[in-house]
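Here is the structure we will look at.
Letters go in sequence order (proteins before strands), and every chain restarts at 1. Values in this document were obtained by computation on a predicted structure and should not be read as measured data.
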Protein chains: 2
Amino acid sequence: MKPSISPNILAAISVIVGNENLFTSKEDAITYSYDGTPLHSQLPEAIVRPSTKEQIGELVKLANKECFSIVPRGAGTGLSGGSIPVPNCIILDMSQWNKILEIDQENLTAWVEPGVITSQLHQAVEEIGLFYPPDPGSMNICTIGGNVAENSGGLRGLKYGVTKNYVMGLEVVLPNGEIIMCGGKSVKDVAGYNLKDFFIGSEGTLGVFTKILLKLIPKPETSKTMLAYFNTQTDAGRTVSAIISKKIIPCTVEFLDNTTIRCVEEFAHIGLPTDINSLLLLEVDGHSVVVEEEAAKVVECCKQNNAIDVKIAQTVEEAIKLKTARRSAFSALARTRPTTILEDITVPRSEIATMLEKISAISKKYNVLIGTFGHAGDGNLHPTCLTDERDHNEISRAEKAYEEIFIEAVKLGGTITGEHGTGLAKKKFLHLVTGYTAIETMRTIKKALDPNNILNPGKVFDI
Amino acid sequence: MKPSISPNILAAISVIVGNENLFTSKEDAITYSYDGTPLHSQLPEAIVRPSTKEQIGELVKLANKECFSIVPRGAGTGLSGGSIPVPNCIILDMSQWNKILEIDQENLTAWVEPGVITSQLHQAVEEIGLFYPPDPGSMNICTIGGNVAENSGGLRGLKYGVTKNYVMGLEVVLPNGEIIMCGGKSVKDVAGYNLKDFFIGSEGTLGVFTKILLKLIPKPETSKTMLAYFNTQTDAGRTVSAIISKKIIPCTVEFLDNTTIRCVEEFAHIGLPTDINSLLLLEVDGHSVVVEEEAAKVVECCKQNNAIDVKIAQTVEEAIKLKTARRSAFSALARTRPTTILEDITVPRSEIATMLEKISAISKKYNVLIGTFGHAGDGNLHPTCLTDERDHNEISRAEKAYEEIFIEAVKLGGTITGEHGTGLAKKKFLHLVTGYTAIETMRTIKKALDPNNILNPGKVFDI
């Protein structure tokens, strides 16, 4: 264990960022001791709000010299513990870096600071007919920097991809305190190694992002939102595969099981039938003619796969209400029991139905209540365990259930995390997906770039 | 300089791959001494055709033990010297690994071996209504493995992206001979570092690809191909920006200057007017209704930006003829002088017109004949110097011209290579784009993963 941060080191930090940007009280530390991940927390020694990239460089150099750790943090909405403090660390709070620096309509790009709230970027670009597709569930509070660090997904991933598909450039403070720029406004650039994509999803362990260049696309002309109800999860899962097999790529295909439907309805009161087994929320977007055609085919696909009913949102407001209800799934589930453990497995789309069956069986086997929802079109499911952390036996059963869910997902050709990251919460399962040799490769790179292990140590894997 | 490969080492190689897969004659060596890059060549000590990934692993381990180098090679069509032998190396010829292993219609993926010819994959997937967009100019002879190693682009990059956007999984023999799998059929996967995207474009310096999982998409329903003629390059360049600003993303926007037009016409006889300054070859694709609308808007954009004439291909055959003619640009230019040096700068789309003007001025300044064509929609231009390598003075002027072109491209926010890679040919200019600190970061990773520098040493940067 590294020693704790001494008053002398705090004084040196204060010289770099100014005393008004250094916070060391217990109250401050508690606020930053957790993120969106249950069952993990740790008090930081201090919270630092840097104002310039040069200050961050100096902080990183000081950390190397004095052997303390730095944990970068945006809004702290992460679900794998990526921004939870580690022993002997300062939190580098980037939430004040919240300016949209430029929207370039000729090149369809936006330069943003890492603390920009994702939905604020959506709004800014949509006002001028452009579109930034990644829309994590937490988009109204999470930050672009965190999205890049975790390579976040969202509801539109099926058609539009995830955060990494929209990052064109990154300014990065390296673990040695030097600053580099990777990428830029050229839509094609193969000069040197692809450092940019390697930093994306590195969860704050390889660098601190200080400026991000994002790709924008033209805003889809229109969209159509549908709800399909099913008697069995298998029918719902098969519908997803059938739609893709028909070569239709909806922007959204969300799955909600009965537990989730009931919680959402109780929370949002939008008139969902609470007696159905499951539903799919589907959206197609694009040119109006294409949308009409594709929507008709989607409805047909649902019916061919035994949908009980298919409803089409009649107005934009109704569509937004449905999508907002879906976005509330996590919060709605979280209201029901004290501790909500949200998981994030992904399987090949063809295996959705099988995976849903396995989750149900595992839930029964370990006698834990699991509500499952997620981005079914991506094969990305969020089995959510509703528990009480004071009940150690229940938590232990939940952990066993998750381990089995991870193993089954990987057996089906899937992964333990589709969009939440590995962080603290899943590092012990990482080998299931990647194997030990790949982890050793990651470790070799981390050690080479961050020999003193100062940037977010102990996340993703242990050194 | 490492010592040359001894007979004992050759015997050990022969034990691994079988004597029938080891080639050491001068004639064989000459065949593998060059690739598509002019002015660079080197004889390998031997050529090896491995049959299994385990054999490759053993070869790599032997290379580490005996201190020789390994240069992986597909079809050898590279344009930056990525597959040119280095001193004391064996060529690892992967061209026999040419099987399409699986096309998964439910998940829209294809598993291929690295030696599969790109256009053969196109054909195989298009027959069942699917689409693999990356289409490098050399698609009829180049291999997928090489495409991944160089992160190749092509004519459809503007709308569909480049090779890396379609690689979902990679089986890689690491520089230590161990074998890992990165990625898979899950469309979202953030477990651990993004090794997959880091290997893509690493030009054979970080690993040998033995199996590649590609993403496929539904084949666009239809397309429309247009030719627009211009009196000035500036008008052509501005047309490109204007189309994108109108939020239309054609799949193809190719630029040909007068020199290229004349050479292509002489070569292909398709009736191009040889007296015009430049032309754009444009294609929109997708749903038929959208294609009609977008084509009309593209035509309008061309006219608003002073196009002399806009022609629409009336049949599929005519469209293919036009695109094939464009694909012949490099060959057509290459016929005119003994040595053709093809470059690959990219600038932000908004800077196309400015860059074209700069290339013209530089061509005059150094008195070298430069034909320019390229993927204008991507900002990716191929200024092509028509020279004679026996004329040292001319070659020297060409080199100076290119250096100035690189500097100007970077000044405009661009890069020295959009799709050909850094390889041997451009490594001395890499710092212009990335800066020295980023190169040091790349070097640190290369040294950590390949401490004996055995995989394609001296490519991208020097150790």
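Looking at every heavy atom in both residues, A:Gly286 comes nearest to A:Pro220 through N-CB, 3.8 Å. The two residues B:Ile180 and B:Cys182 come nearest to each other via the heavy atoms CD1-SG, 3.7 Å.
We find that A:Arg349 and B:Glu106 are not joined by a salt bridge, their nearest charged nitrogen and carboxylate oxygen being 4.0 Å or further apart. Electrostatic pairing of B:Glu351 and A:Lys185 does not count as a salt bridge here, judged by no charged N lying under 4.0 Å from a carboxylate O. Comment: B:Glu294 does not engage B:Lys297 in a salt bridge, judged by the lack of any side-chain N to carboxylate O separation of less than 4.0 angstrom. Classification of A:Lys188 and B:Glu419 as a salt-bridged pair holds, one side-chain N sitting under 4.0 Å from a carboxylate O.
Not a single donor-acceptor pair under 3.5 Å links the side chain of A:Asp285 to the backbone N or O of A:Val291.
Taking the six-membered ring wherever Trp is involved, the centroid distance between the rings of A:Tyr160 and A:Phe131 falls below 6.0 Å.
Of the atoms belonging to B:Lys164, it is side-chain heavy atoms, and not backbone ones, that fall under 4.5 Å from chain A. For chain A, the nearby part of B:Glu293 is the side chain; its heavy atoms alone come within less than 4.5 Å. For B:Lys427, no part sits under 4.5 Å from any heavy atom of chain A, backbone or side chain. Using a 4.5 Å cut-off between heavy atoms, B:Ile128 touches chain A through its backbone atoms (N, CA, C, O) alone. If you measure heavy-atom distances from B:Phe461 to chain A, the contacts under 4.5 Å come from the side chain alone. Residue A:Lys196 touches chain B through its side chain alone, counting heavy-atom pairs closer than 4.5 Å. Of the atoms belonging to B:Val433, it is side-chain heavy atoms, and not backbone ones, that fall under 4.5 Å from chain A. The contact between B:Ile200 and chain A is made entirely by backbone atoms, counting heavy-atom distances below 4.5 Å. Residue contact with chain A, scored on non-hydrogen atoms closer than 4.5 Å, involves the side chain of B:His375 exclusively.
Here B:Pro218 is the residue among B:Gly161, B:Pro218, B:Ala242, B:Ser80 with the most heavy-atom pairs under 4.5 Å with chain A. Among B:Asn151, B:Leu449, B:Leu158, the residue with the largest count of heavy-atom pairs under 4.5 Å with chain A is B:Leu449. When the candidates B:Ala409, B:Gly153, B:Ala191 are compared by the number of heavy-atom contacts under 4.5 Å with chain A, B:Ala191 comes out ahead. For the set B:Thr434, B:Leu108, B:Ile416, B:Ile179, the count of heavy-atom pairs under 4.5 angstrom toward chain A peaks at B:Leu108. Note on B:Gly184, B:Ser241, B:Ala448, B:Gly192: by heavy-atom pairs under 4.5 Å with chain A, the leading option is B:Gly192. Counting heavy-atom pairs closer than 4.5 Å to chain A, the top residue among B:Asn165, B:Val347, B:Leu195, B:Val162 is B:Leu195.
For the side-chain contact (heavy atoms from CB on, under 4.5 Å) test, residues two or more places apart in sequence or in another chain that qualify with A:Val240 are A:Val253, A:Leu280, A:Ala376. In this view, A:Asp189 and B:Thr415 satisfy the side chain to side chain donor-acceptor pair (under 3.5 Å) rule, not counting sequence neighbours.
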